[in-house]
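Structure record follows, encoded as structure tokens.
From a predicted model like this one, the values you see are computed outputs, not experimental measurements. Start at 1 and go down the list; that is how both ligands and their atoms are numbered.
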Amino acid sequence: MRLRTHAVAKYSLFFSLSFAILNLLVSSAAAQSSGKEHPWMNASLSPDERASMVVKEMTLDEKISMLHGTGMAGLSPMSPSAIHSNGGAGYVPAISRLSIPAIQMSVAAYGVRNSGENGRYSTALPSDIAGAATWDMEGAYAYGALIGRELRAQGFNMSLGGGVNLTREPRNGRTFEYMGEDPVLAGKMVGSVMKGLQAQHVLGDIKHYALNDQESGRNAVNVNIDERAARESDLLAFEIALQESDAAAFMCSYNRVHGDYACENKHLLTDVLKKDWNFKGFVLSDWGAAHSAAKASAAGMDHEEPGWIFFGDELKKAVEAGTVSQAELDDHVHRILRAMFATGVIDDPPQKSVVDAMGGFEVARRIEEQAIVLLKNDGALLPLDASKVHSIVIIGPHADVGMISGGGSAQVDPPGGNAIMPPGKGQTRWLEPMWFPTSPLKSVRAKTAGSDVQFDSGADPAKAAALAKSADVTIVFAYQWESEGMDLPSLSLPENQDELIAKVAAANPHTVVVVESGGPVTMPWAGKVSAILEAWFAGSSGSDAVANVLFGVVNPSAKLPVTFPRSEADLPHPTIVQPPPESIPNYRNHDVWKQIAAGLAPFQVTYSEGVKVGYKWYDAEKKPVLFPFGYGLSYTTYSYSNLRVTTGKTPRVTFTVANTGNRAGAEVAEVYASLPASASEPPKRLV
Ligand code: BGC
């Protein structure tokens, strides 16, 4: 719960408009024009009634056409109809005779992807894990709503975002795309993002279902975990996100779980998702994660992406031969149509327009300001008083021009290209770090008219330390890049930055470190610097948000959604299990998609720590940490009192939070519960 406080405790809760209510308000030109011949265009009928009416009218070929994408170089052959794609990752052609529009999908984890190559623009929000650090469901709703608006402005009606895999393995290269290590926080936050997104009449998806917690060997790895532990950790995050949002789709992941690929895993897709959780939407495969027709169909996969290796002719033949029943086929189609009616993408199709770039900067800044975690502030060095600080040295790779962003399919393209290249030269390329043109140097200078603000890249630590020595304050911008398609070799900062920070801190006792990372990093220098801010991958307005916190325009209020361990040796698994050569796809081969589709040799990863993800592990194993989950400082102070617990079926906890300092602030109040010892659970869990 996030509380905004003034001098004396005073708080308000924010409730988001339910997406269901918004759906009732939908009306459309499409519905009015074809209402007579297409009775399912009557928006007063339920999504299920409308979907059933359409399914009755469809031919077998039309049904099959809804169950697969139209291709992507490297992962499947291309269909000629892909020419009508809007330039996103996935495209399902319209069925015009039935007034069913195309599904235009774009990856949109922290903003709309591929905008650069399509000559468009998108806001980069702070990475998803930064969103989680706000603990602000209202902010998460705004996060999703902005993505939804920008998707529609660019002609898309489906988002591929909603990553909710737990930070079970913090070196996972996609940690920045997810919402931390706790299932309640991650589930609630991703659910709110989905609500905000779907309220814009865009199909939302939650991914990567499930236990896709490392990138190394993701197409082959077989995950082993005890069922109870899975249900109380990784799966619980998905369950809560679904309950919160009624998301249109779930994306089944690349990996295997207990021997079966996630996309043909009946237990995960049917028993858990569709039966236990009553999921009404559709399951689509991750790109190249499908491995069969009849088995996947029976297991509960509804749609194959990006091509039709299995859910094209092969599925059609299976239906004709009766190995896949008509009812099973109809259920897949029904789920997709139902989701389209329920989210309003049929009644209210997207209208292309110019993205509200300025509005996007504003939202991105506001969220980042709430996401920056103040980890250390010795001697109240922060906030800096611009009238008293006469000389500042900014140090760090590229801190003169930009801030780093998260890579892979989530990569949002910066305006003007990569900030560390000449304008226009920096295309987004797979596995190449992309710097956004949000300059810490400029933003700090803007706050300090009259002060001397100098910059050093830190390439030569001794030179940087010499410059830092005489400054009133030194601010080091450190980074650790993350991307899909790789895991981190360790949690250490790259490029010799640990040595740089240690040298600068030794030269100047007033050293502040701002960390740009997608997850926890190790900080061997933590005891030597005065202040530390975790800024995550900070998005389009990152440097202004950081400057606002540094200079006290904003009082930090974020709390860590992940534990920062002291070292990798304290993680449940000191190293990430690497795939043997036969489990790695050969991307130099044009037919690599065939190799992936056929299935790569499995290798085993066993999550023997079970439910003990993140803080539950460190608590249970009594391992001290650098900064715990839920931690974060403020420029003011709070007191907690009057704790009361009412027991019963729905226990209630009430308490008073008072702002005891002299600055307005916001406080995230966290409640943890413990089960009786007989439950053999970790000491505490966030409730
Ligand atoms: C990623 C998905 C993404 C898809 C489409 C895959 O590589 O794992 O998260 O949605 O690509 O780009």
Side-chain angles (χ1 to χ4, degrees), residues 68-76 78 82 85-92 103-118 122 127-129 147 151 154 156-165 172-179 190 193-194 197 202-221 238 241 247-256 261-263 282-291 301 303-307 406-413 428-431 482-487 518 585 587 592-593 596-597:
H68 62 79
T70 49
M72 180 173 168
L75 280 183
S76 89
M78 296 297 290
S85 154
N86 189 42
Y91 166 67
V92 182
I103 305 179
Q104 301 279 5
M105 309 176 188
S106 175
V107 181
Y110 63 93
V112 182
R113 153 99 174 141
N114 289 126
S115 46
E117 69 187 42
N118 289 311
S122 304
S127 53
D128 302 76
I129 196 165
I147 292 176
L151 281 164
Q154 299 182 42
F156 294 105
N157 59 6
M158 178 159 182
S159 142
L160 308 166
V164 74
N165 298 74
N172 175 359
R174 303 188 84 168
T175 301
F176 73 96
E177 281 189 63
Y178 302 135
M179 288 213 163
V190 171
V193 170
M194 283 299 113
L197 180 104
V202 168
L203 294 154
D205 98 307
I206 295 179
K207 70 187 186 184
H208 305 88
Y209 186 66
L211 293 149
N212 181 185
D213 296 341
Q214 68 175 56
E215 285 295 277
S216 306
R218 66 181 183 176
N219 298 92
V221 62
F238 283 92
F250 259 52
M251 184 187 291
C252 51
S253 54
Y254 285 120
N255 53 295
R256 295 171 164 102
Y261 271 114
C263 290
F282 65 101
V283 174
L284 81 164
S285 74
D286 199 342
W287 270 232
H291 298 278
M301 188 183 100
H303 179 97
E304 177 186 356
E305 282 292 342
S409 63
Q411 180 73 61
V412 175
D413 298 328
T428 296
R429 286 196 200 87
W430 192 253
L431 290 183
E482 264 181 24
S483 174
E484 177 185 346
M486 62 175 227
D487 289 321
Y587 283 106
V592 64
W593 58 274
I596 295 173

- Query: Going from CG on D413 to CD on E117, what distance comes out if it is rounded to the nearest 0.5 angstrom?
  - Reply: 7.0 Å
- Contacts of S76 that satisfy side-chain contact (heavy atoms from CB on, under 4.5 Å) - sequence neighbours left out: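 For S76, the residues satisfying side-chain contact (heavy atoms from CB on, under 4.5 Å) (neighbours in sequence not counted) are P306, I309.
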- Non-neighbouring partners of S85 that pass side-chain contact (heavy atoms from CB on, under 4.5 Å), sequence neighbours left out: Y91, Q104
- Message: Under the rule for ring pair (Phe, Tyr, Trp, His ring centres under 6.0 Å), what residues qualify as partners of Y110, not counting sequence neighbours?
- Response: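 Result, ring pair (Phe, Tyr, Trp, His ring centres under 6.0 Å) vs Y110: none returned.
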- Task: Applying side-chain hydrogen bond (donor to acceptor under 3.5 Å, both in side chains), run through S106 and Q154 and close with a yes or a no.
- Result: CA-CA 10 Å; S106 175; Q154 299 182 42; over 6 Å; no
What are the distances between nitrogen or oxygen atoms of ligand 1 and protein nitrogen or oxygen atoms, counting only those under 3.5 Å?
residue: ligand 1; atom: 7 (O); partner: Y254; partner atom: OH; Å: 3.2
residue: ligand 1; atom: 7 (O); partner: E484; partner atom: OE2; Å: 2.6
residue: ligand 1; atom: 8 (O); partner: R174; partner atom: NH1; Å: 2.8
residue: ligand 1; atom: 8 (O); partner: D286; partner atom: OD1; Å: 3.2
residue: ligand 1; atom: 8 (O); partner: D286; partner atom: OD2; Å: 2.7
residue: ligand 1; atom: 8 (O); partner: E484; partner atom: OE2; Å: 3.4
residue: ligand 1; atom: 9 (O); partner: R174; partner atom: NH2; Å: 2.9
residue: ligand 1; atom: 9 (O); partner: K207; partner atom: NZ; Å: 2.9
residue: ligand 1; atom: 9 (O); partner: H208; partner atom: NE2; Å: 2.6
residue: ligand 1; atom: 10 (O); partner: K207; partner atom: NZ; Å: 3.3

- Message: Could you tell me if H208 and R218 have a donor-acceptor pair between their side chains, going purely by distance under 3.5 Å?
- Response: no
